[in-house]
Amino acid sequence: MRLVIALPYAWLGIFFLLPFGLVLAIALGSAAPDSAPPVTLGLSLKNFALLLSDDLYVAAWLGSLRIAATSTLAALLLGYPMAYAIARADPRWRPILLMAVILPFWTSFLIRVYAWMGLLASNGLVNQFLRWSGLVGDPGTILGTEWAIHLGIVYAYLPFMVLPLYAALEKLDGGLLEAAADLGANPVVAFLTVTLPLSLPGIVAGCLLVFIPAVGEFVIPDLLGGTGTLMIGKVLWDEFFLNADWPLAAAVAVCLLLLLLGPIALFQRQQARSLERP
Amino acid sequence: MTAAAIVTLTGLAKRFGSVTAVERVDLEIRRGELFALLGGSGCGKTTLLRMIAGFETPDQGRILIDGQDMTGVPPHRRPVNMMFQSYALFPHMDVAANVGYGLRRDGLPAPEIARRVGEALKQVRLGDLGERRPAQLSGGQRQRVALARALVKRPKLLLLDEPLAALDRKLREATRFELVRLQEELGLTFVMVTHDQEEAMSMASRLAVMDKGRIEQVGPPHEVYERPASRFVADFIGIANILPLDGGRAWLALRPEKIALFAARPDTDHAEQGRIVDIAYEGDRSLYRVGLLDGSLLQVSTANTARIAAAFRRGDDVWLGWAADAGHRLDK
Amino acid sequence: MAARARFAFTVLAFGYAFLYLPIALVIVYSFNDSRLVTVWAGFSTKWWSALFANEAMLSAAWLSLRIAFVSATAAALIGLAAGYALARAPRFPGRTLFGSLVIAPMVMPEIVMGIAMLLLFVGSDSLLGGPQRGFLTIVIAHTTFAIAFVAVVVQARLADFDRSLEEAAMDLGATPWTAFLTVTLPMIAPAVASGWLLAFTLSLDDLVLTQFVAGAQSQTLPMQVYSSVRLGVDPQINALATLIVIVAVLALTTSGWLTRRRI
């Protein structure tokens, strides 16, 4: 048993915990563009000071949080009815319906984002449809806007929302709703007072599973968003690969981690609780 | 250690964190007996059994099995087999493979294993179900597979953790006799854990009553019933009226069936007057609660030997009578 | 009742249309004769031929498959150990940290993990003179990322069945190791297999983490796809996407069959 614990412990310690120490160390250093690696070690907080004072970075932080939050809400509004409908479907159909939700997750993430590039282009099918239906006179180009980023996030992370919601709703005992009805609750009240509170763990888990990766998302804003969109994942990427400013990129990573520490801890606690329950 | 002892526990103690599960237990179990550990949930009986099997390591004390110190020996090297409460049948193996599992671990040749598995299955009357999976068996059949699997290695000691708890009532009663028959036929020592006093009383040759990690009393069923060692035992086994004696320093345990009801003052050694507070009709017998003049309540049971309505009704004034030797004096 | 059924049907129809229409269109347009993905210009398989003649794409795919195989296998082994420890060792020093370490990679933004792992490899390169960035570093990064997914599946599966099964095996004379091999492993094998498959898929699909640790020489399939789609829509990618969807359907069906085959 000692070996069984030691192997993953050592691996994760070396390849997961240790690197975060390094990120912190580098974030305190400064860029040295001419040396390899392009870093001088130091003990300065100027990278963090820059992140907090420069408008560009502040806008990127706020933009990431806002886009992640609204996308999460949209995914919840779409995912909850889906999960509810699947959980109430004929038991024979449930595994198939559920598998149909998971399936896109098994295809390439990149490809799924790519699919929207064609759809959202100025003469793409979405615009053709909007013009044909007459709903919008001139839809303009959706690709390159925040609309596209929202769509991409909801599309890519919807399975992560539906699965925990389904798990919570499926466990719900039908007798509870009957009891609520028996005690005088109409369906809407029964939903609000019984179903919704009991599915709260699923809602929390689903929202965290969408929100956390959405805040640090890079591929979706890069491919669907315009050059003007500011999301922190893209900023980190650009600082690292384009500007070769490793210390600043590391500082962005540290801040991103600090920002997500709350949600991540919440998610872990919930996971641990649901796994410990037999 | 007496010559007949197969298990000797001395000063055995086990704590889980701040909870004391077993507290300084000394116990001898004799060769060839069906011994029951009886107690409520959390009394330490299962922990005691698991220490004998080797799944828990005692904090203090020693475990001797057949004269050998087994205190630190891991379960797979103990000459002891266990029947689990959940049966713990391997779901991915058929019945024969389940029963033969322990023999394969001993490295016996295949024909020998097949022969002994067949024999064991015949003993528990499952001769033709060897190829079934556990999931295809009824509860009673699973119980017997678990029994066969534990018996097939001919252990010096067979441990049974709540062997009948998962069966429904009718089957449970039939299986009691079955287990006793097997134990006698094979001449093995059985140690059984149960919370069901009826089960322990009807099956065991001797039993230990446990409470809060300690053994309260060890003895044959009739002795534990008729001469309980403490108020706890008197109260735990069956129903007992406990009357204070000597100004509260001792008590008298008086079983309901040892008291008789009379309409008029009887000619018994003791007689008390009272009024019937309520009657519980249980078919074969009726249990009366009678309020005495001093305000205390006594329980009295009478066998319903005739098919006529009870002679007494609620609210009737009655007399209670019992013999001088009907009760048992308790000092603690 | 009928209104409720109609509501459920509408919700599901809309939801699944949203999930599948974009993919379906990608597949359809992989057979389009035109380069534009907005106009249907007749059936053609020319993008498929182009894909299979694309040397860079094929060698990237081969590299990705090899990386996915090795990292999924390593993640399955380590994840199995981690899941087993979490499910079967209730108390050991640093268990809370261990639990967090195992689950954390699941929710860690990839971009943060990417920069962290790159810094580790750069550091070890300057201190220990290796490993060279490429196949090995990608495998290590993907393994670290995927351990969590295997561990969670294994732990859930172990929590499903009673500890007394292993105790029964030991009671019948099996050493702890034999008990693991003859009782535990056969029962959690489907979970390990589906964990492996998940790790394989995640590795095959990963872009962000890989981009950080790959170095200059190695081009995995997602890196190749990414550099191609950055420049715009490319019907060759549609053909590749179609291929990936087919493989994913097969993989998921297998995995579903493995996990649902209750023993």
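Each chain gets a letter, A, B and so on, in the order its sequence line appears, and its residues count up from 1.
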Visitor: In terms of heavy-atom proximity below 4.5 Å to chain A, should C/Val247 be classed as side chain, backbone, both, or neither?
Guide: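 The answer is neither part of C/Val247.
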
Visitor: Could you pull out the closest heavy-atom pair between C/Ile111 and A/Gly233, with the gap in Å?
Guide: CD1-O, 3.0 Å

Visitor: At a 4.5 Å cut-off on heavy atoms, which part of A/Leu97 comes close to chain C: side chain, backbone, both, or neither?
Guide: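 Backbone plus side chain of A/Leu97, per the 4.5 Å heavy-atom cut-off to chain C.
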
Visitor: Between atom OG of A/Ser108 and atom CD1 of C/Ile23, what is the distance when rounded to the nearest 0.5 Å?
Guide: 10.0 Å

Visitor: Heavy-atom cut-off 4.5 Å, strictly under: side chain, backbone, both or neither for A/Leu103 against chain C?
Guide: both

Visitor: For C/Leu207, is it the side chain, the backbone, both or neither that has a heavy atom under 4.5 Å from a heavy atom of chain A?
Guide: side chain

Visitor: Can you list the steps and then say if A/Met82 with C/Phe14 is a side chain to side chain contact (heavy atoms under 4.5 Å, CB included)?
Guide: CA-CA 9 Å; A/Met82 278 187 81; C/Phe14 180 75; over 6 Å; no

Visitor: Please look at C/Leu221 and chain A and tell me whether the side chain, the backbone, both or neither of the residue comes under 4.5 angstrom of a heavy atom of that chain.
Guide: neither

Visitor: Let me know if A/Leu260 has heavy atoms under 4.5 Å from chain C in its side chain, its backbone, both or neither.
Guide: side chain

Visitor: Determine whether C/Ile147 and A/Phe16 satisfy the following criterion, side chain to side chain contact (heavy atoms under 4.5 Å, CB included), listing intermediate values before the conclusion.
Guide: CA-CA 11 Å; C/Ile147 286 172; A/Phe16 190 73; over 6 Å; no

Visitor: Measure the CG-OG1 distance between C/Asp205 and A/Thr107 for me, rounded to the nearest 0.5 Å.
Guide: 7.5 Å

Visitor: Picking from A/Leu208, A/Val101, A/Leu3, which has the most non-hydrogen pairs under 4.5 angstrom with chain C?
Guide: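 Ranked by heavy-atom pairs under 4.5 Å with chain C, first place is A/Val101.
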
Visitor: Measure distances from A/Val254 to the heavy atoms of chain C and classify the residue's part below 4.5 Å as side chain, backbone, both or neither.
Guide: neither

Visitor: Tell me, side chain or backbone of A/Pro104 under 4.5 Å from chain C's heavy atoms, or both, or neither?
Guide: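 Both parts, backbone and side chain.
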
Visitor: In terms of heavy-atom pairs under 4.5 Å with chain A, which of C/Leu118, C/Leu204, C/Leu202 leads?
Guide: C/Leu118

Visitor: Does some side-chain heavy atom of A/Phe218 sit less than 4.5 Å from a side-chain heavy atom of C/Pro109?
Guide: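 C/Pro109 vs A/Phe218: side chains apart.
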
Visitor: So which heavy atom on A/Ala253 is nearest to which on C/Ile115, and how close?
Guide: CB-CG2, 3.8 Å

Visitor: Determine whether the aromatic ring centres of A/Trp237 and C/Phe212 lie less than 6.0 Å apart.
Guide: yes

Visitor: If you measure from CG on A/Leu17 to OG1 on C/Thr144, what distance do you get to the nearest 0.5 Å?
Guide: 12.0 Å

Visitor: If you count heavy-atom pairs within less than 4.5 Å of chain A, which of C/Gly94, C/Gly99, C/Gly123 leads?
Guide: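 Looking at each option in turn, the highest pair count goes to C/Gly94.
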
Visitor: For the pair A/Trp11 and C/Thr143, evaluate side chain to side chain contact (heavy atoms under 4.5 Å, CB included) and give the outcome as yes or no after the intermediate values.
Guide: CA-CA 10 Å; A/Trp11 181 285; C/Thr143 303; 3.5 Å; yes

Visitor: With a 4.5 Å cut-off on heavy-atom pairs, point out which of A/Leu12, A/Val162, A/Leu257 contacts chain C the most.
Guide: A/Leu12

Visitor: Counting only N and O atoms by type, is there a donor-acceptor contact under 3.5 Å from the side chain of A/Tyr155 to the main-chain atoms of C/Pro22?
Guide: no

Visitor: Given that the side chain runs from C-beta out, which part of C/Ile78 has a heavy atom under 4.5 Å from chain A: side chain, backbone, both or neither?
Guide: both

Visitor: Does any backbone or side-chain atom of C/Val229 lie under 4.5 Å from a heavy atom of chain A? Answer side chain, backbone, both or neither.
Guide: both

Visitor: Counting neighbours of CZ on A/Phe241 that are heavy atoms of other residues, nucleotides or ligands and sit closer than 6.0 Å, is the number greater than 12?
Guide: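 For A/Phe241, atom CZ is crowded (more than 12 foreign heavy atoms under 6.0 Å).
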
Visitor: Go through the atoms of A/Leu223 and report whether side chain, backbone, both or neither lie under 4.5 Å from a heavy atom of chain C.
Guide: side chain

Visitor: So how far is it from C/Leu21 CG to A/Leu119 CG, rounded to the nearest 0.5 Å?
Guide: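 The distance works out to 8.5 Å.
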
Visitor: Looking only at heavy atoms and a cut-off of under 4.5 Å, which of A/Phe15, A/Phe109, A/Trp116 has the most pairs with chain C?
Guide: A/Phe15

Visitor: Of the listed residues (A/Leu24, A/Leu256, A/Leu110, A/Val215), which shares the most heavy-atom pairs with chain C below a 4.5 Å separation?
Guide: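 Top option by heavy-atom pairs under 4.5 Å: A/Leu110.
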
Visitor: Where on C/Phe92 is there a heavy atom nearer than 4.5 Å to chain A: the side chain, the backbone, both, or neither?
Guide: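 Just its side chain gets close to chain A.
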
Visitor: Check whether C/Ala104 gets within reach of chain A through its side chain, its backbone, both or neither, counting any heavy atom under 4.5 Å.
Guide: both

Visitor: Please step through side chain to side chain contact (heavy atoms under 4.5 Å, CB included) for the pair A/Leu158 and C/Phe18, ending with a clear verdict.
Guide: CA-CA 10 Å; A/Leu158 190 62; C/Phe18 177 64; 4.1 Å; yes

Visitor: Quick one: what part of C/Glu110 sits under 4.5 Å from any heavy atom of chain A, side chain, backbone, both or neither?
Guide: neither

Visitor: Looking at chain A, which one of C/Val208, C/Leu19, C/Leu240, C/Val249 has the largest number of heavy-atom pairs inside 4.5 Å, strictly under?
Guide: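 With the most close heavy-atom pairs to chain A, the winner is C/Leu19.
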
Visitor: So which heavy atom on A/Tyr9 is nearest to which on C/Leu101, and how close?
Guide: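 Here A/Tyr9 and C/Leu101 meet closest at CE2-CD1, 4.0 Å.
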
Visitor: At a 4.5 Å cut-off on heavy atoms, which part of A/Phe240 comes close to chain C: side chain, backbone, both, or neither?
Guide: side chain

Visitor: Would you mind checking which part of A/Tyr84 comes under 4.5 Å of any heavy atom in chain C, side chain (CB onward), backbone (N, CA, C, O), both or neither?
Guide: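 When you check distances to chain C, no heavy atom of A/Tyr84 falls under 4.5 Å.
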
Visitor: Among A/Val113, A/Leu7, A/Ile264, which residue has the highest count of heavy-atom pairs closer than 4.5 Å to chain C?
Guide: A/Ile264

Visitor: Heavy-atom pairs under 4.5 Å with chain A: which of C/Gln211, C/Met113, C/Met106 has the most?
Guide: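 Looking at each option in turn, the highest pair count goes to C/Gln211.
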
Visitor: When rounded to the nearest 0.5 angstrom, what is the spacing between CD1 in A/Ile212 and CE in C/Met108?
Guide: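 So the CD1 of A/Ile212 and the CE of C/Met108 are separated by 9.0 Å.
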
Visitor: Quick one: closest heavy-atom pair of C/Ala116 and A/Pro19, and the distance?
Guide: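 Reported closest heavy-atom pair: O-CB, 3.2 Å.
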
Visitor: Counting heavy-atom pairs under 4.5 Å with chain A, which one of C/Val225, C/Val245, C/Val112, C/Leu25 comes out on top?
Guide: C/Val112

Visitor: C/Tyr20 side chain to A/Ala100 main-chain N or O, any donor-acceptor pair under 3.5 Å?
Guide: yes

Visitor: Between A/Tyr114 (side chain) and C/Val26 (backbone), is there a donor-acceptor pair under 3.5 Å?
Guide: no

Visitor: Using a cut-off of under 4.5 Å for heavy-atom pairs, which of C/Ser100, C/Ala89, C/Pro222 has the most such pairs with chain A?
Guide: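 So the answer, after comparing C/Ser100, C/Ala89, C/Pro222, is C/Ser100.
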
Visitor: Which atoms of A/Ile5 are under 4.5 Å from chain C, going by heavy atoms: the side chain, the backbone, both sets, or neither?
Guide: both

Visitor: Find the distance between CG (C/Leu119) and CD1 (A/Ile26) and round it off to the nearest 0.5 Å.
Guide: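 That separation rounds to 5.5 Å.
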
